[in-house]
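To start, the structure itself, in structure tokens.
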Amino acid sequence: MARTSDLDRVTMIVLRYMRRPLLALLLVYSVGIMGMALMPGRVVDGETTYMSLFHAFYFFTYTATTTGFGELPNGFSEEQRLWTIFCLYTGVIAWFYAIGSLVRLVQNPHFIQAMDGFRFARKVAHNVEPFVILCGFGDTGSLLARGLSDHWMRAVILDSDPERIKALGVRDYRVAMPGLCADASAPKHLLAAGVEHSACRALITLTNDDDVNLKIAVMARHLNPRLRVICRSTSARHEANLRALDNVSVVDPFEVFAQLVSWAIARPELHNLNAWFVGAHGVKLGEPIQAPRGNWILCGYGRMGHWIHRHLRLHGVGVRVIDPDVNAKVAGEGTVMVQAYADHSALVSAGIDDAAGVVVATNRDADNLSTLLSVTELNSDAFRIVRQNSHENQVAFDAARADLVLQHNLTTARRILKLLISPLVQELIDWLAEREPALTEDLVARLQAAVGAEPPHLWSVRLVPGEAPAVTDYLDTDGVITLGALCRDARRFPAGLPCEALAIRRAGRSLMLPDEECPLDAGDEILFCGVQWVEQMLQATLHNPYTLGYVVTGLDEPHGYVFAWLQDRLRRRRRDHQSNGRRPGP
């Protein structure tokens, strides 16, 4: 069966609503024109005159619209004037009926939806810039769209809530982000959003329903198997299904949140580096939060609480759990359990007096803020980490002055943004998490020396002909380029550019923190971190063979044809002189 386009839907609705008004106008015009042509006019020279069909059509056209240019082409007879009165009333009534039907049409929700879909599909079809499809525009989707805009990356947005799509129209994004109020799990809407478009780079599902997210991911995989899909899921069953699919990445917001909490407590240097990479507000590289070690109290043991408890136990952090629905069997052996709401008495029972810190992680912001007040009263020295569920409550959480406030919506958006913009960054963070803290501290020192107080700028370079023609040509001629040589500053040779190569992706595997002597191969993808202007300098090296030759060899080769010919001739003359000097005597 052929697909029904949005233009076909608009046409169908217009014809359905305007069929009767158009037939009424056609009937009134036909009867009026024929009657005017048949009505006898004045007698001229003993003969009765009649109006031609053209004059009748012309007269009825301006008469039906109440314009009134007079009796043309000649004065009317009484019969013609009587028919004109009839035409005036019937024409005005017919036009009122047609205009009223047209007003009802443009107010019809089905017509509005069809027109929105048609305009949306046309914008997406005519787009030539790379974009991603964002299914779900709640707090997480809104934060992710802002991050994409900051990186000048376009997004096409689908959401079933009309108010969220209306809010999209007033956002000051740097790039165009068309949105459509529609069910993103319907294949026709995914097609309209460009799931088969050549410029589409990925599809992200961020609805609040795991079943819907799974359905969208499955539909997208069938419609475009090569398209990358990033799916938010908190269901273990759904995650197992999604991870089995090719080219699908699963992000669990609760696991991401728990991971950050455990790093803040057990690996503060890694938490600081990750927060600096994602541009967290107020974070300075090399100044991690000082969370004390010891026994911690966890308030809330839902799905997120389970993840936090698991990660803290993996890092050897003692945990005491407070939750009205928890029990010793659920929390596990060796965990102190208080089966109550996190109020004064429950905190006292959990040992707030000697607790190193408290993690407040329920799914209600009011309860979390209330628990913070109790913790401050009972132990003002305790380190306070709190979960913020709604972005709208930002002002209240700022006033609470907790030591660390984490939004699971924001942490999820940042994780997905890293997967879209620089996927090697997350690989590097995960790799460092499995190594000794000294390795992270050494990387922090190197980044501080390279970047200083500037905000970090992350970018990737692929050594392919379209992005690095000078490098690929040099490597094709059996030349050798090391990572350190590529990063030299052509203006201050042999000094290096203020940047650090964090990782290299080569033939499906990743090399983390490569040294300067690492030889480069064609097809490598290199992740850099530096200041903003370094990327432009490096692009000049990647595209200009003379600049590349200079930073690799230190020799400034002549650029023009004449100078190159003179240089080559001078070299040959020098070789001839050296050869004559070594020639034996008679």
Side-chain angles (χ1 to χ4, degrees), residues 120 122-137 139-159 164-165 167-180 193-195 197-206 227-230 249 251 274-281 283 409-426 451 454-464 466-468 497-499 502-503 505 525-543:
F120 174 80
R122 186 174 59 180
K123 287 181 182 178
V124 174
H126 293 168
N127 178 53
V128 296
E129 298 293 332
F131 67 93
V132 299
I133 301 175
L134 183 56
C135 302
F137 197 62
D139 283 349
T140 306
S142 177
L143 292 168
L144 178 59
R146 175 61 62 185
L148 292 171
S149 170
D150 293 340
H151 287 82
W152 298 93
M153 191 168 187
R154 298 173 182 266
V156 172
I157 298 170
L158 295 174
D159 195 282
R164 299 300 303 177
I165 298 300
L168 176 64
V170 297
R171 301 294 173 87
D172 56 339
Y173 294 134
R174 296 181 177 181
V175 293
M177 292 195 180
L180 178 66
V195 71
H197 199 290
S198 59
C200 185
R201 296 293 179 263
L203 180 140
I204 304 101
T205 65
L206 294 175
L227 182 65
R228 183 182 185 186
V229 177
I230 301 176
S249 303
V251 176
N274 180 74
W276 184 73
F277 275 151
V278 299
H281 179 68
V283 173
N409 294 317
L410 181 58
T411 56
T412 303
R414 285 172 173 170
R415 177 63 61 90
I416 295 175
L417 186 63
K418 281 193 292 185
L419 293 176
L420 291 172
I421 304 300
S422 301
L424 284 174
V425 174
Q426 189 57 45
V451 181
E454 295 289 328
H457 177 59
L458 296 164
W459 75 99
S460 296
V461 168
R462 292 194 305 161
L463 303 184
V464 294
E467 298 182 21
L497 292 167
C499 67
L502 302 179
R505 174 71 61 80
E525 180 181 357
I526 312 172
L527 173 65
F528 289 99
C529 179
V531 293
Q532 188 78 32
W533 59 267
V534 174
E535 182 178 2
Q536 285 72 30
M537 290 293 299
L538 193 59
Q539 287 295 325
T541 303
L542 298 174
H543 287 79

Value rounded to 0.5 Å, distance of [atom1] in [X] from [atom2] in [Y]:
X: Leu227; Y: Cys200; atom1: CG; atom2: SG; answer: 4.5 Å
X: Ser422; Y: Leu502; atom1: OG; atom2: CG; answer: 9.0 Å
X: Leu458; Y: Glu535; atom1: CG; atom2: CD; answer: 10.5 Å
X: Ser460; Y: Glu467; atom1: OG; atom2: CD; answer: 9.5 Å

Looking only at heavy atoms, which two atoms of [X] and [Y] are closest? And how far apart?
X: Leu134; Y: Gly141; result: CD2-O, 3.4 Å
X: Val461; Y: Gln539; result: CG2-NE2, 4.5 Å
X: Phe131; Y: Gly194; result: CZ-O, 3.9 Å
X: Glu525; Y: Leu424; result: O-CD1, 4.0 Å
X: Ala176; Y: Arg154; result: CB-NH1, 3.4 Å
X: Ser142; Y: Arg171; result: OG-NH1, 2.7 Å

Could you tell me whether the side chain of [X] and the main chain of [Y] form a donor-acceptor pair under 3.5 Å?
X: Asp159; Y: Phe137; result: yes
X: Ser149; Y: Arg174; result: yes
X: Arg201; Y: Ala199; result: yes
X: His197; Y: Asn127; result: yes

(Q) Over 60° means perpendicular and under 30° means parallel, so tell me whether Trp459 and Phe528 are parallel, tilted or perpendicular. (A) parallel

Do [X] and [Y] touch side chain to side chain, with heavy atoms closer than 4.5 Å?
X: Arg146; Y: Asp150; value: yes
X: Leu497; Y: Trp533; value: yes
X: Val175; Y: Glu129; value: no
X: Pro130; Y: Met153; value: no
X: Leu206; Y: Ile230; value: no
X: Ile165; Y: Phe120; value: no

Check your understanding: Would you say Arg462 has more than 12 foreign heavy atoms packed within less than 6.0 Å of its CZ?
Key -> no

Given the options Val195, Ile204, Leu203, Val229 meets side chain to side chain contact (heavy atoms under 4.5 Å, CB included) only with Leu203

Those residues at least two apart in sequence (or on a different chain) that pass side chain to side chain contact (heavy atoms under 4.5 Å, CB included) with Leu410 are Leu143, Gln407, Arg414

Partner set under side chain to side chain contact (heavy atoms under 4.5 Å, CB included) for Leu417, not counting sequence neighbours: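 Side chain to side chain contact (heavy atoms under 4.5 Å, CB included) check on Leu417 returns Leu144, Leu148, His151, Ile421.
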
| message | Does Leu180 form a side chain to side chain contact (heavy atoms under 4.5 Å, CB included) with Val156? I'd like the steps, not just the answer. | response | CA-CA 8 Å; Leu180 178 66; Val156 172; over 6 Å; no

